[in-house]
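Since this is a predicted model, take the numbers as computed values, not measurements. Proteins come first, then strands; the chains are lettered A, B, ... in the order of their sequence lines, and each starts at number 1.
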There are 2 protein chains.
Amino acid sequence: MADKNHELRKAGLKVTLPRVKILQILESATDQHHLSAEDVYKTLLEAGEDVGLATVYRVLTQFESAGLVVRHNFDGGHAVFELSHEEHHDHMVCLESGEIIEFFDETIERRQQEIAEEHGYELVDHALVLYVRPRGSKATRQESIKK
Amino acid sequence: MADKNHELRKAGLKVTLPRVKILQILESATDQHHLSAEDVYKTLLEAGEDVGLATVYRVLTQFESAGLVVRHNFDGGHAVFELSHEEHHDHMVCLESGEIIEFFDETIERRQQEIAEEHGYELVDHALVLYVRPRGSKATRQESIKK
DNA sequence: TTCTATGCAAATTATTTGCAGCACT
DNA sequence: AGTGCTGCAAATAATTTGCATAGAA
């Protein structure tokens, strides 16, 4: 736990209850570690914490700047945040269950790099999301999960 | 032009002035054919047309359902629309100029397909955006264009 | 005439900001 | 006391919806 606090200090953020709690929530979200600000907020309320939604947004944004979390703008209006792993990865979203699967592919990574260069650019970042459905399902892109 | 009207009819949409105008705007946006609803709205106003912003959103959404346009949720809050080309392509966004470059890469397309399958899924759609900067530039992901 | 489509204003959703009070140094 | 942090409410930004009327078939 001194560990976690250190992460915050290192980021130039004071160790406060909301920040520690939010970090905990992000860490303990094992099954689905992509949470929206609203998700985090609800979890806090359920835990009996008295934290405002505005603070959740502020803290998540600070964490993002500090590199502690990554913000994703998948389709569907709201952003989701995940604790930043050391290793980069992309995402696959199941249109039927809303489940998010992570993957990493060396070939794709390399090609992206090359493509940017071929066009005279330098690759800074990228966002790749595969929208998929279980084999045989009829789920379409339109009916994306609103969750 | 009977051509365009036919496109609309084929989509089950009546040929009305707002729809025809919006289609024209999308077609004539040669240099940068990725327009936000607001962009389209402004262009209409400049052209002296009396069309409401709500209608622009409604029409663009209808066009999307009809497959006439594609909606992209790049970072930065607002969606952009482009006339759907027959051939699929992905996008590269220059963090410095905001310019959007299109590209297509067979290797990446194939790998995406394979990856979905390896995980037991069927690929329905995907979104790939490369955020790039001119060689030597210092532009970062954070300061993305707000345009 | 019969619906569909549109304009306008009000409603929503996601997120940000202003501000007065509290906390820690 | 000083500066950072927080909750709450009000402010934005993007997009959607309700409703009475104008327009296409």
- prompt: Between B/T16 and C/dT4, is there a side-chain N or O to OP1/OP2 distance below 4.0 Å?
  reply: no
message: In this structure, would A/L13 and A/I25 fall into the same cluster of hydrophobic residues linked by side-chain contacts under 4.5 Å?
response: yes
- request: Give the cluster check for A/V40 versus A/L17: same hydrophobic cluster or not, with ILVMFWY residues linked at side-chain heavy-atom distances below 4.5 Å.
  value: no
- line: Sorted by number, residues from residues 17-29 of chain A placing a heavy atom under 4.0 Å from DNA chain C are none
Please write out the pairs of protein N or O atoms and N or O atoms of nucleotides 8-17 of chain C separated by less than 3.5 Å, giving the distance to one decimal.
unit_1: C/dT15; atom_1: OP1; unit_2: A/A79; atom_2: N; d: 3.0
unit_1: C/dT15; atom_1: OP2; unit_2: A/Y57; atom_2: OH; d: 2.6
unit_1: C/dT15; atom_1: O5'; unit_2: A/Y57; atom_2: OH; d: 3.4

- prompt: Where do A/F81 and A/L26 come nearest, in terms of heavy atoms and distance?
  reply: O-CD2, 4.4 Å
- request: Please round to the nearest 0.5 Å and tell me the distance separating atom CG of A/L130 and atom SG of A/C94.
  value: 12.0 Å
- prompt: Can you check whether A/H78's main-chain N or O pairs, donor with acceptor, with A/S36's side chain at less than 3.5 Å?
  reply: no
message: Using modelled atom types and a 3.5 Å cut-off, is there a donor and acceptor pairing between side-chain atoms of B/T61 and backbone atoms of B/Y57?
response: yes
Return the polar atom pairs (N/O with N/O) between nucleotides 23-25 of chain C and the protein under 3.5 Å, or none.
none

For atom [atom1] of [X] and atom [atom2] of [N], their distance in whole Å:
X: B/D39; N: D/dA14; atom1: CG; atom2: P; result: 11 Å
X: B/N5; N: D/dA24; atom1: CG; atom2: C1'; result: 13 Å
X: B/K42; N: D/dA13; atom1: NZ; atom2: P; result: 12 Å
X: B/L13; N: C/dA5; atom1: CG; atom2: P; result: 7 Å
X: B/F63; N: D/dT15; atom1: CZ; atom2: C1'; result: 18 Å
X: A/L8; N: D/dT6; atom1: CG; atom2: P; result: 10 Å

field: Ion pair A/E49/A/K21, N-O distance below 4.0 Å
entry: yes
message: Testing A/E117, A/E106, A/E118 one by one against A/R111 for a salt bridge (charged side-chain N to carboxylate O under 4.0 Å, His left out), which residue passes?
response: A/E118
- prompt: Is the B/H91-B/F74 ring centre distance short of 6.0 angstrom?
  reply: yes
field: Geometric class of the A/H88/A/H126 ring pair [parallel <30°, tilted 30-60°, perpendicular >60°]
entry: perpendicular
- prompt: When the ring planes of B/H72 and B/H34 are compared, do they come out parallel, tilted or perpendicular, using 30° and 60° as the limits?
  reply: tilted
